[in-house]
Trainee: 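Mind having a look at this structure? Questions to follow.
In what follows, residues are counted from 1 in the order of the sequence shown. For the numbers below, each heavy atom of this structure counts, side chains included, while hydrogens, waters and symmetry mates do not. Just follow the structure's listing: the first ligand is 1, and inside any ligand the first atom is 1.
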Amino acid sequence: MKNWTRAEKYKYLTDPMEIRALHDKAAASQYRQTFHVQPVAGLMNDPNGFVYFENKWHLFYQWCPWGAVHGLKYWYHVISEDLVTWKNLGVFLKPEENYVYDNKGVFSGSALTVDDKLYLYYTGNNRDADYIRHPFTCLARMGEDGRPVKNPGPLFGPHGSYTENQRDPKIVAMPEKGCYYLILGAERHDKHGCIIVYKSEEPLRGWEFRGELRVPGLENLGNMWECPSIEHIGEYDVLMFCPQHVELPGRGHSTNHNGYVIGKMDWDNLIFEPEGDFNVLDLGFDSYAAACANNIQDDNKAILEAWMGLPDASYPTDEEEWAGCLTLPRELTIREKKLVQRPYPGLKKLRADELNIIKNSDGCCKIPSASEIEINTGSGDLMMRLFSDDKGNGGISVCYDDMKKEITVDRSGMKRRFNVSDGESRSGFLPMGLSQLRIFADRSSVEIFVNDGEAVFTSRVFPTVEEHFIKIQSGDALMHIWTIKPSVKDDFTV
Ligand code: FRU
């Protein structure tokens, strides 16, 4: 693995041609995705500024151009008309030496439309001469030419009652209250994570610190709470965040999890009253920093995208000097006080030829490198292998144990294993049993949706050429397989 110097990681990108060769190398990889957003070169992490604006979905993501390293972060911009086909627009927000507030990175944030203009709230990652971090909450607008116009100064600087870890502003508009909130992930001086709240009557100025969000029962959960958001869905609110450095039962030694809790948000008193447990959003392996779109004009759902990757982790494509992609968009609803995550309905458009219909253990079936697989199951146990060899050996096993009502996804059978200490198996409890799986496999990822959104397991996966088969080993199952049409172009737009 490459040893990066600080100067190499934090170099400013001055000419796209500086990364042309990196792009060409990435684009030649067998693991380039075909229907998931991915970086032109280098590393991508959190989705940012996800919003519906002027009849298009705008999405940005954290991007370091130089390789598979968390160095200088930019906001890279992609757009879509349907949340299915994406277009690369190139770099949007750039860190600037002269705009000292974000001299060492434009970190995560969110978007709001005001009077037909698009505004972006982000964390300016300033480092001073001694390399001490000072996080600023900054604002930029999308100008008429589609380029960013940064505010002359930040909206506010770091709050003295918290450590340097204060970032990832999520803007929440409350038209019924005539005000706006910005919630930020933070960390108390005793190192416990939390969320801090700012309020203003106007979205572009006048922000005042209102205090810390109380979340009874979760006062001592991990260090900084990264990427917080509060979404109103139907009758409930959903608080999502990523508490740093916590180990959770059944999740190996992984210390990075994107969690959520359903409850009611009291904005006047700044209390989020949970009405259930803290759960992980995605039962799988590689999913973090989920962001929900603003301005979707539907109170009964949210649309979520997440980074298909984890902090402090390495992936087989690191050697090819690129890393990360986004998950597919997911529609969130609440059913009987439970969060339901379905693949965005429009994704059905990507289905091309239906290749096979298979009943039970009819042998091994080759799956195309971009495919959707739908399996309707009967009662009882199910055992299957995905990405197995042509004999049905190896790969990812998906097993459902009807006695325990437990589904387990285990990736230890893959030839290219990674992040092994994070644990290679994940399970989920299905109180009503298993009835359906919808699986989206791209060249280096798999997303397994269970029972029409009751649970989802997401994993990066790096199959060798032999590992492209699926086999139902036992159980009652009817399986349909489709080829999926490409919906992202691997073009060099910077
Ligand atoms: C989460 C995170 C954010 C931060 C960004 C920097 O993955 O650490 O808290 O804003 O990534 O890239």
Side-chain angles (χ1 to χ4, degrees), residues 4 9-10 13 39 42-50 59-76 91-95 101-111 120-127 133-140 154 158 162-171 182-187 191 193-196 222-229 240-246 254-259 280-282 285-292 304-315 323-327 419 422 458 460:
W4 293 83
K9 290 200 291 195
Y10 284 95
L13 179 68
L43 173 145
M44 59 151 290
N45 54 302
D46 315 354
N48 296 150
F50 189 14
L59 181 61
F60 305 80
Y61 58 77
Q62 289 285 286
W63 179 58
C64 172
W66 304 118
V69 64
H70 287 274
L72 193 66
K73 295 290 171 68
Y74 291 73
W75 277 36
Y76 189 97
V91 168
F92 191 73
L93 288 171
K94 301 177 188 183
Y101 314 105
D102 62 19
N103 65 349
K104 288 290 181 281
V106 286
F107 275 12
S108 289
S110 53
L120 303 152
Y121 298 77
Y122 69 96
T123 297
N125 182 44
N126 164 275
R127 294 228 186 227
R133 171 181 281 168
H134 306 276
F136 289 93
T137 298
C138 299
L139 179 67
Y162 301 89
T163 71
E164 59 163 39
N165 290 316
Q166 303 175 36
R167 55 179 180 265
D168 310 338
K170 168 78 185 187
I171 179 87
L182 271 173
I183 64 170
L184 274 71
E187 184 181 67
K191 302 284 185 209
C194 63
I195 288 171
I196 54 177
N223 304 132
M224 192 217 163
W225 289 7
E226 296 190 301
C227 304
S229 83
M240 304 179 209
F241 59 99
C242 308
Q244 286 187 315
H245 313 131
V246 212
S254 176
T255 55
N256 293 296
H257 320 273
N258 201 158
V280 287
L281 262 176
D282 191 304
F285 303 87
D286 305 292
S287 174
Y288 199 76
C292 290
L304 172 145
E305 289 258 9
W307 167 29
M308 212 193 294
L310 291 178
D312 317 313
S314 35
Y315 291 89
C325 66
L326 295 182
T327 63
N419 299 330
D422 280 1
T458 297
R460 294 305 303 272

Trainee: Would you kindly say whether S287 and N258 are connected by a side-chain donor-acceptor distance under 3.5 Å?
Mentor: no
Trainee: Residues two or more places apart in sequence or in another chain: which of them pass salt bridge (charged side-chain N to carboxylate O under 4.0 Å, His left out) with R133?
Mentor: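 Residues passing salt bridge (charged side-chain N to carboxylate O under 4.0 Å, His left out) with R133: E164.
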Trainee: Do we see a donor-acceptor contact under 3.5 Å between the side chains of Y122 and D102?
Mentor: yes
Trainee: Listed by chain and number, what are the salt bridge (charged side-chain N to carboxylate O under 4.0 Å, His left out) partners of E187, not counting sequence neighbours?
Mentor: none
Trainee: Less than 3.5 Å apart, N/O on ligand 1 and N/O on the protein: could you list those pairs with the distances?
Mentor:
unit_1	atom_1	unit_2	atom_2	d
ligand 1	7 (O)	D46	OD1	2.7
ligand 1	7 (O)	D46	OD2	3.3
ligand 1	8 (O)	E226	OE2	2.6
ligand 1	9 (O)	R167	NE	2.7
ligand 1	9 (O)	D168	OD1	3.4
ligand 1	9 (O)	D168	OD2	2.7
ligand 1	9 (O)	E226	OE2	3.0
ligand 1	10 (O)	S108	N	3.1
ligand 1	10 (O)	D168	OD1	2.5
ligand 1	11 (O)	N45	ND2	3.2
ligand 1	11 (O)	D46	OD2	3.1
ligand 1	12 (O)	N45	ND2	3.0
ligand 1	12 (O)	Q62	OE1	2.7
ligand 1	12 (O)	K73	NZ	3.0

Trainee: Indicate whether any N or O donor in one side chain lies under 3.5 Å from an N or O acceptor in the other, for N48 and S108.
Mentor: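 The answer is yes; a qualifying pair exists.
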Trainee: List for me each residue that meets salt bridge (charged side-chain N to carboxylate O under 4.0 Å, His left out) alongside R460, sequence neighbours excluded, and say none if there are none.
Mentor: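 Here no residue qualifies.
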